[in-house]
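The structure appears right after this line, and notes come after that.
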Protein chains: 2
Amino acid sequence: MKRDSRLSGVLHILLHMADAGEPRTSEQLAKAMRTNPVVVRRLLGGLRDAGLVHSEKGHGGGWTVARNLAAISLADIYRAIGRPALIAMGNRDDAPDCLVEQAVNAALEASFREAEALLLARFERVTLAALADEFHARLAALPTACKDPVHG
Amino acid sequence: MKRDSRLSGVLHILLHMADAGEPRTSEQLAKAMRTNPVVVRRLLGGLRDAGLVHSEKGHGGGWTVARNLAAISLADIYRAIGRPALIAMGNRDDAPDCLVEQAVNAALEASFREAEALLLARFERVTLAALADEFHARLAALPTACKDPVHG
DNA sequence: CCATCACGCACTAATTAAAGTTACATGAAA
DNA sequence: TTTCATGTAACTTTAATTAGTGCGTGATGG
């Protein structure tokens, strides 16, 4: 099954925005992501509704991060993009009246819910500031000659 | 994204097989699963290669469980069906040369690997025998009047 | 030894989720 | 008032999975 890359994508966008310091347009962000401006708007729309980013129309407009990076956790972002499934497996929903199926599903569900809780707990504790720090550490580790690693 | 139901499905099949005590054909199992015989064969093919089930052609042929139920763990089955992804999220593989993307991916990967390890550890400890017990407990909890809950 | 049964495999069709595209409305700035 | 940028909706394209069909192979039993 295909894995959802929305969380990864939105984090990528957010760090680029934060790094810029001034409003970035959907088009600029799309170029960095090698995707389409409308896709960027769709991704960020949920974050705007959640108050994590701000968008401005017209000349000089674009997207900005609305809070301090340390005040935004991965869990905030996860919720803002609509809490997509974390676990790749689910139950067959055919034959839910079969007791065998019910026993199987109950056993699997318990494990899956536990793993989800673990992930969410970790997401609560990781902030955008921490990700930005990791990025800057990687940048510092680079030879000085080639420090334009941020595309776009 | 769509959730993979192969593990759930194959467990359903295995418990039906175990419950029957004699060889079940793909067609019988498919009827219980409300699916196609070929789907059943595909699901069980990996388990046969792993030695978990046995298949026999011709008259009186069909599928049987090859080991004691207590000697088959969910992890055995998970591996036999090809270790499908447990986590529904992945990395965008565009722009892997971007340090921002790398930092994001590294942070997410760590969490995902931890959740996967948790799930696998649980799968190691759950046997088919345990699932069968849970099924029989559910059966016993039913009013005596309606004890044909196993379809097919 | 031939009819039947059941699995094995390769190929095709159908479904579906995600992404991209286009078009146009809205509002802000120069 | 022209240009720029977001907001949203509708539509198309694309990619991947899954289901299904047909035929080959081997085993059974009359």
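In what follows, chains are A, B, ... by sequence order, proteins preceding strands, each numbered from 1. Since the structure is predicted, the reported quantities are computational estimates derived from the model, not experimental observations.
Considering only side-chain atoms of A/N36, the nucleotide from D/dT6, C/dG20, C/dG8 that sits closest is C/dG20. Checked against D/dG20, C/dC7, C/dT22, the side chain of B/T35 finds its nearest nucleotide in D/dG20. Relative to the side chain of B/R41, the nucleotides D/dG20, D/dT8, C/dG8 differ in distance, and C/dG8 lies closest. Minimum atom distance to the side chain of A/V39 is reached by C/dG20, of the listed D/dT18, D/dT8, C/dG20. Side-chain proximity of B/R48 to the nucleotides C/dT21, C/dA17, C/dG8 is greatest for C/dG8. Taking the side chain of A/R42 as heavy atoms from C-beta on, and the options D/dG20, C/dG20, D/dT8, the nearest nucleotide is C/dG20.
Within the 3.5 Å criterion, the main-chain N or O of B/M33 finds a donor-acceptor partner in the side chain of A/R92.
Considering every non-hydrogen atom in both B/T127 and B/A70, the closest pair reads CG2-O, 3.5 Å. Taking each heavy atom of A/L47 and A/I77 in turn, the nearest pair found is CD2-O, 4.3 Å. Taking both residues in full, the closest heavy atoms of B/L29 and B/L44 are given as CD1-CD1, 4.1 Å, listed atom of the first, atom of the second, then distance. Considering all non-hydrogen atoms of both residues, A/A71 and A/D76 come closest at O-OD2, 3.8 Å.
Between the CZ atom of B/R24 and the P atom of C/dA6 there is a distance of 11 Å, rounded to whole Å. To the nearest angstrom, C1' of D/dG7 lies 15 Å from CG of A/L43. D/dT18 atom P lies 12 Å from atom CZ of A/R92, rounded to whole Å. Across the protein-nucleic acid pair, A/W63 atom CH2 and D/dA5 atom P stand 14 Å apart, rounded to whole Å. Rounded to an integer number of Å, the gap from A/R3 CZ to D/dT17 C1' is 15 Å. Distance, A/E22 CD to D/dC4 C1': 16 Å, rounded to whole Å. C/dT22 atom C1' lies 14 Å from atom CD of A/E27, rounded to whole Å. Atom CE in B/M89 sits about 11 Å away from atom P in C/dA18, given to the nearest Å.
Between A/E134 and A/R138 there is a salt bridge, since a side-chain N of the basic residue sits under 4.0 Å from a carboxylate O of the acidic one. Taking 4.0 Å as the cut-off between side-chain N and carboxylate O, A/E27 and A/R41 do not count as a salt-bridged pair.
Between A/G62 and A/V38, the residue anchored nearer the 5' end of DNA chain D, judged by the nucleotide with its closest heavy atom, is A/G62.
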Verify salt bridge (charged side-chain N to carboxylate O under 4.0 Å, His left out) between B/E116 and B/R83, making sure each step is shown before the conclusion. CA-CA 11 Å; B/E116 277 188 346; B/R83 305 171 191 254; over 6 Å; no
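Hydrophobic clustering (ILVMFWY, side-chain heavy atoms < 4.5 Å, transitive): A/L118 and A/L74 are in distinct clusters.
Of the residues in residues 79-86 of chain A, not one comes within less than 4.0 Å of DNA chain C through any heavy atom. Listed in residue order, the members of residues 53-60 of chain B having a heavy atom less than 4.0 Å from DNA chain D are B/K57, B/G58, B/H59.
Within 4.0 Å of A/S5, counting heavy atoms only, lie sugar-phosphate atoms of the nucleic acid but no base atom.
Between B/F123 and B/Y78, the ring-plane angle classifies as tilted under the 30° and 60° cut-offs.
Proximity of B/S26 to the phosphate of C/dC7: a side-chain N or O atom is located under 4.0 Å from OP1 or OP2.
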